[in-house]
Amino acid sequence: MVRTKVRVRFAPSPTGYLHVGGARTAIYNWLFARQHGGKFILRIEDTDISRNVEGAIDTILSSLRWLGLEWDEGPQVGGDYGPYFQSQRTYLYAETARKLLSADRAYRCFCAPKKLEERRQQALREGRPPGYDGRCGDLTQNQIHKLLSREKPFALRFRATSFGDLSFRDLIHGEIAFKKEAVNDFIIVRSDGTPTYNFTVVVDDALMQITHVIRGDDHLSNTPKQIPIYKALGYPRPEFAHIPLILGKDGSRLSKRHGATAVEAFREEGFLPQAMVNYLALLGWSYDDRTTLFSVSELIDKFSLEKVSKNPAIFDLDKLEWMNGVYIREKSDQELAELLLPYIRDIALVDGGGEGREEGEEHLGSATGNETLSDTQTKNILAPRVPEAEIKRTLLKIIPLVRERIKKLSEVQQMADFFFTEDYPLEKDAMQKFLKAREARKILQATLEKLRLAQTFSSEEIEELLRQLPDELGLKAKQIFQTIRAAVTGKTVSPPLFQSLAILGKEKSLNRIAKVLSILEEGAEGP
RNA sequence: GCCCCCAUCGUCUAGAGGCCCAGGACACGGCCCUUUCAAGGCCGCGGCGGGGAUUCGAAUUCCCCUGGGGGCACCA
């Protein structure tokens, strides 16, 4: 058996962002190429200029890079089979179309688009197949010349109906046979001279010597249109592998109304590329009955098209988040500090730098309480920032405390803001359940006294001192510690208290408690 | 309307005639640990869409039904 070198491709159209479905298709292609020592080719399908979106290519490329899917040929890297933008390959399509026309495998269609649409609608109404009836295929040379001389615009249609056998073997689905009704004479070149997808994809895949076409199930019904073109052109046909689609929670095709679908959006939320790749790879593929965590090299080693599932998969954010948490926990302190830095840069303000971040929450700062949001934003932008090196130092210290508590990098903001600013919000529950409780002042006062005694202010020392409180005050440990937590972090839920205090340091810890105490005192003595 | 694909726990899946009164993971519930929340450990809940047929025996093969998805464009 002659083994030609594997060449696969991912061919997005620049109409927006890299969709997770597309990302998974790219992953499967990439894994397949790497596993077989073949080439992964990136091609931009931008023949429909009207649908091209500014900047979309850059976004797609950077998302692919972020996922770690380097391409061997394509934009920015070149290759021997270029150009890799369809918009730059028009001469190839034109040439091929001419060939098809002169061999009578294609013909000119003079039907006006409007007319076609009318016929289509009527056919649908009458329950007939809506496809083109092939009428222009029967035009005589004479008729054609007449129309041509009148400069009547025409499109080129592929004479598809003359091909009988429309069956092929799919690497995932097995034998698939289409009836001839599935295909009618479709347009390969529009009247404006631009080629259409089903035509360009064959020309490109053939010329780029693609050996395996791995793409979504939505292309399954395009395949019987494409196979005859290979035949008509005398090109060898690649292997086809149609992978199932990714659906949203409600079982319909995954789209924006199901939430984020852009890889870029997941990146911003704080998902790690390893988790994305692992999760997406497993969405529709499995290795055995127990393994769920795969490193990239394991995926390259173990991936196989044969084990790709036939049925569509529903995108499960919960599982992705769980998996992301797993990968976050595997990161070293240093790595995590780098990853987390962008998320806290904006909240790390020099003391008193900003005020009032979210409505409905009280703040320790001298809250006037009537600033508009834009005032606040302006203030936050203008506020002096903590130097990055200092942020990182703190970050390194708190990472052991937050690592196993976040599933997405962005969650660090909510979890650890109080380490980086004195302007942390006092959450409603923290206020009502603990700080406004009868015993709050007594607890905080006692805490202050205890902490003043601390020498090293290590978490061990802090714990030893504060552990005396329950007995001395005759209160439950939970209430005492929750009250302290509320005062120092503004939250009812936070990283471990004693360690948090130790990292904050004696001065800040004492100041915060004293400040809350004074606020409570004011409230108590108020009019 | 026509064509194509698909069908195991809520979700992703293992299962290629007896190993399965169906295994794993996420989610969910409980317990343990514990100053909160996590993480971790243990336990639990939960499924072969329906009907025929083949067979000594079917989640696994075949047929029908039903359900879901995709397509039928001068979109890709």
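Keep in mind the model is a prediction, meaning the values are calculated, not measured.
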Donor-acceptor pairs under 3.5 Å, side chain of residues 110-123 of chain A to any protein atom, not counting sequence neighbours: which ones?
unit_1	atom_1	unit_2	atom_2	d
A:Glu117	OE2	A:Gln121	NE2	2.7
A:Gln122	NE2	A:Glu126	OE2	2.9

Task: Distance between P atoms of B:rU54 and B:rC62 (Å, rounded) - done: 15 Å
TODO: Check the distance between B:rG15's C1' and A:Asp289's CG and give it to me in whole angstrom.
DONE: 9 Å
- [ ] List for me each residue that meets salt bridge (charged side-chain N to carboxylate O under 4.0 Å, His left out) alongside A:Arg135, sequence neighbours excluded, and say none if there are none.
- [x] A:Asp133
Task: Residue-phosphate contact under 4.0 Å: A:Arg120 side-chain N/O, B:rC72 OP1/OP2 - done: no
Task: Per-nucleotide protein contact string for nucleotides 1-8 of chain B (B base, S sugar-phosphate only, - none; heavy atom under 4.0 Å) - done: B-SSSSSS
Task: N/O (side chain, A:Arg215) to phosphate O (OP1/OP2, B:rG70) under 4.0 Å - done: no
TODO: Output all residues satisfying salt bridge (charged side-chain N to carboxylate O under 4.0 Å, His left out) with A:Arg405, sequence neighbours left out; order by chain, then residue number.
DONE: none
- [ ] Could I get the full list of side-chain contact (heavy atoms from CB on, under 4.5 Å) partners for A:Pro224, not counting sequence neighbours?
- [x] A:Leu166, A:Phe178, A:Val183
TODO: Could you list the residues that satisfy side chain to side chain donor-acceptor pair (under 3.5 Å) with A:Tyr287, not counting sequence neighbours?
DONE: none
Task: side chain to side chain donor-acceptor pair (under 3.5 Å) partners of A:Glu404, counting only residues at least two apart - done: none
All N/O donor-acceptor pairs, side-chain side in residues 469-476 of chain A, below 3.5 Å, sequence neighbours left out:
unit_1	atom_1	unit_2	atom_2	d
A:Glu472	OE1	A:Lys450	NZ	3.3
A:Glu472	OE2	A:Lys450	NZ	3.0

TODO: List in chain and number order the residues that pass salt bridge (charged side-chain N to carboxylate O under 4.0 Å, His left out) with A:Arg438, two or more places apart in sequence or in another chain; answer none if no residue qualifies.
DONE: none
Open item on the list: If you assign A:Ile314 and A:Leu320 each to the RNA chain B nucleotide with the nearest heavy atom, which residue ends up on the more 5' nucleotide?
Closed with: A:Ile314
TODO: Specify the separation, in whole Å, of atom CG of A:Leu254 and atom C1' of B:rU11.
DONE: 14 Å
Open item on the list: For A:Asp58, give me all partners under salt bridge (charged side-chain N to carboxylate O under 4.0 Å, His left out), at least two apart in sequence or on another chain.
Closed with: none
Open item on the list: Any residue in residues 278-287 of chain A with a heavy atom nearer than 4.0 angstrom to RNA chain B? Just list them by number, or reply none.
Closed with: A:Leu282, A:Leu283, A:Gly284, A:Ser286
Task: Base-contact (B) and sugar-phosphate-only (S) positions in nucleotides 29-42 of chain B, heavy-atom cut-off under 4.0 Å, - elsewhere - done: ------BBBBSS--
